[in-house]
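Both ligands and their constituent atoms are indexed starting at 1 by order of listing.
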Amino acid sequence: MASVLPSPPVLLLSLAALLYVVRWLSDKKRYDLSRIPSAPREIAHWLWGHELLTFQGQATETYTNWAALCGPFFRVKGALFHPDIIVAADHGAVQHIFQNVDDYVKSPSFRPPIANVLGKGLVWAEGDDHKAQRRIIAPAFSSEAIKGMADDISECSEKLESRLTNHVLSAGGAATVNMIEYASTCTLDIIGRVAFGHDFKAGQSTEAKEIHASWSGHVNTGLGFGGFVAMLVMRALPFITMLLTKLPLEAIRAGGRIREITSKLSMRLIESGTVNEKGRDIMSILMKAQRDADSKGEKGEGLTTQQIVDNTNTFIMVGHETTAGSLSFTILELARNPEIQQRLREEIRQVGRDLSYDDIQRLEFLDAVVKEGLRLHPASPQTERVALRDDVIPLSKPITTPTGETLTSVRVKAGQVFHIPFMTMHRNAAVWGPDAAQFNPARWLTPGGVPPPSELPHGWGGLVTFCDGPRNCIGYRLAVFEFKVILATLVRSLEFHETTAVIRQKISPTLQPVVDGKGGLLPLHVTLAP
Ligand code: HEM
């Protein structure tokens, strides 16, 4: 007589299926993921989920559209069968995530590539290591320290102005330039000087050219479908990420190459004594802190030489393309709005002399233009966090579930992935009003022109451009100040006009202007200002 019992493999499979269903039902009860609104499920791809659509759209554009449909806290289907991802654009939720840095970390899968490109400095570090590095580095970015950088920043900005002016004059009074290339040579010059007293010679030194070429390769690889898939594979298989960084892939090589160049340069400067404890640059300040800690026998109170080098690489990489990108998009807005450009020029010319640190702080319309530029075009348009433990996240805007319940907070499970789209938060018409997507600096000077603080996150200017909490951008004072100085120096004597090029905005890995599929292109016509 045949046995009525199923064979062992069938039994095992049935048991596994049963356990899966029990776990799924229990998770459904304990956590709220399935109760929060979802981006339209019918348009999600079976393999790529909603993620291919967000990759194909402009930077965070798809999230902005879904937030208008579902509210500022919703979920999307992950690619490669990854569990649903929460898209958090609710300012209360975002604030909670950014404040609790020990519970919400950057995705561990991306740490090896970060170490490959930037080294093990502030952007890479987590937990106590991060706290210790941050405490030691913070004084190098204080208001006082930035004031000490003002002369270098003015000189580099004036150099950029004369390069552009000469180019316009030699072209007969009008020239078309790739604004982002000019802007990034200037921001690289600035960070070279203030980070380690090095002159990148307006993009003409060998190192500057190599950094530029490697960065362009990195950006263009990230814009392609291969870059999208590589990112998903790294997330799905974190253990192979380490191996991937060792492979001779072009994108990986390009990232590592930049670190090689800047590390070699840092070591050469340290060994030659150019960077030393008497210098005012950031690297010298960190070396002095290291020496002081050593002489007092305070072990662990200074950074190691390798950490100093890695942080210098970090500042060079994250401190020049970021500012150059947001600045170039702001100049594009001025080109599209000639009356705003003229109003800014008049305010700057009223000073009637070379702009001092204090003049820059006093210019109200300049401040409004910079805030508006950084609201609409944050160099880092979104970030990602992963929950390390189960948690309850408070919401500013309650959610109504499909069964009609109201949720004022959401229970999430350890391992939950969050996408936090800064650009979506800044362009949310429900918060910023119907003209949220328009460039309107005057809103910052009009009573009631910007939403009240209770409706905004806690970051700089009520924006999350520089993130928020203990991991906010350590360089934000430097970024805002150099942004203002470069903009004021250029607009004072040059006039910017739009071209017919269609410029799209993509993320790779920072906000990129893309023309005809090619990244790093932002063409503008330039003339001398009357
Ligand atoms: C417009 C220019 C800039 C923007 C929009 C910007 C934005 C940001 C954002 C959003 C973060 C947080 C990223 C995350 O945690 O996911 C960040 C972190 C950071 N930024 Fe910036 N940044 C800019 C310029 C700079 C400059 C000029 C420097 C330094 C020279 C700098 C150094 C850093 C560092 C070291 C971190 C990591 C901080 C930490 O984790 O403790 N940034 N930045």
Tested for side chain to side chain donor-acceptor pair (under 3.5 Å) against Gln505, the lone hit among Gln58, His377, Glu61 is His377
Below 6.0 angstrom between ring centroids: does that apply to Phe422 and Tyr63?
no
Residue, atom and distance of the protein heavy atom nearest atom 4 (C) of ligand 1 read Phe466 CE2, 3.4 Å
Problem set entry | Polar atom proximity, Ser326 to ligand 1 (N or O, under 3.5 Å) | no
| said: Any non-hydrogen side-chain atom of Leu521 less than 4.5 Å from a side-chain atom of Pro513? | reply: no
Please answer whether the main-chain N or O of Ile36 pairs with a side-chain N or O of Arg75 as donor and acceptor at a distance below 3.5 Å. yes
So for Lys106 against ligand 1, with non-hydrogen atoms under 4.0 Å, the contacting part is side chain
If we number the atoms of ligand 1 from 1 as shown, the ones under 4.0 Å from a heavy atom of Ile191 are 30 (C)
Is it true that Val194 lies under 4.0 Å from ligand 1, counting heavy atoms only? no
So the atoms of ligand 1 within less than 4.0 Å of a heavy atom of Arg134 turn out to be 38 (C), 39 (C), 41 (O)
Of all protein heavy atoms, the one nearest atom 24 (C) of ligand 1 is Thr322 OG1, 3.5 Å
- Please say whether the positively charged group of Arg375, taken as NZ for Lys or CZ for Arg, lies over the ring of Trp444, i.e. under 6.0 angstrom from the six-membered ring centre and within 45 degrees of the axis. no
Phe422 heavy atoms within 4.0 Å reach ligand 1 at atoms 10 (C)
Q. How about Tyr357 and Phe481: are their ring centroids closer than 6.0 Å?
A. yes
For Ala379, the atoms of ligand 1 under 4.0 Å from one of its heavy atoms are 5 (C)
ask   = Between Trp66 and His50, is the ring centre distance below 6.0 Å?
value = yes
With the threshold set at under 4.0 angstrom, would you say Tyr476 reaches ligand 1 through any of its heavy atoms?
no
Would you please determine whether Phe141 falls within less than 4.0 Å of ligand 1 on a heavy-atom basis? yes
Is any side-chain heavy atom of Ser326 closer than 4.5 Å to a side-chain heavy atom of Phe329?
-> no
* Audit row: Lys106, Glu384, salt bridge (charged side-chain N to carboxylate O under 4.0 Å, His left out) steps and yes/no -> CA-CA 6 Å; Lys106 295 178 190 174; Glu384 182 179 284; over 6 Å; no
I'd like to know whether ligand 1 has Arg385 as a neighbour, heavy-atom separation below 4.0 Å.
yes
In ligand 1, the atoms that come under 4.0 Å of a heavy atom of Val318 are 24 (C), 25 (C), 31 (C), 32 (C), 33 (C), 42 (N)
Per-atom filter on ligand 1: closer than 4.0 angstrom to a heavy atom of Ala479 are 2 (C), 24 (C)
Under 4.5 Å between any side-chain heavy atoms of Phe98 and Asn472, yes or no?
no
So is Glu384 touching ligand 1 or not, going by heavy atoms under 4.0 Å?
no
Inset, instruction - Check whether any N or O atom of His130, backbone or side chain, sits under 3.5 Å from an N or O atom of ligand 1, and answer yes or no. - result: yes
ask   = Taking the inter-plane angle between the rings of Tyr476 and Phe466 on a 0 to 90° scale, is it parallel (under 30°), tilted (30 to 60°) or perpendicular (over 60°)?
value = tilted
min-distance protein heavy atom vs atom 34 (C) of ligand 1 -> Ile474 CG2, 3.9 Å
To atom 28 (C) of ligand 1, the nearest of Gly469, Pro470, Ala125, Gly475 on a heavy-atom basis is Gly475
**Asked** Any non-hydrogen protein atom below 4.0 Å of atom 13 (C) of ligand 1?
**Response** no
For Thr465, the ligand 1 atoms with a heavy-atom partner under 4.0 Å come out as 5 (C), 7 (C), 10 (C)
Would you say ligand 1 has an N or O under 3.5 Å from any N or O of Thr383?
-> yes
Is the Trp215 ring parallel, tilted or perpendicular to the His320 ring (thresholds 30°, 60°)? tilted
**Asked** Going through the distances and angles, do Arg477 and Glu144 end up as a salt bridge (charged side-chain N to carboxylate O under 4.0 Å, His left out)?
**Response** CA-CA 10 Å; Arg477 288 192 190 91; Glu144 211 43 42; over 6 Å; no
A cation-pi test, strictly: NZ or CZ of Arg343 under 6.0 Å from the centre of the six-membered ring of Phe365 and no more than 45 degrees from its axis. Yes or no?
yes
Within 4.0 Å of some non-hydrogen atom of Val123, the atoms of ligand 1 are 36 (C), 37 (C)
Exercise. Cation-pi check, Arg427 to Trp432: give yes when NZ or CZ is under 6.0 Å from the six-membered ring centre and within 45° of the ring axis, no otherwise.
Key: no
Taking backbone and side chain together, does Cys473 place any N/O/S atom at a distance below 2.8 Å from atom 21 (Fe) of ligand 1? yes
Are Gln133 and ligand 1 in contact, using a heavy-atom cut-off of under 4.0 Å? no
Of all protein heavy atoms, the one nearest atom 26 (C) of ligand 1 is Gly319 CA, 3.5 Å
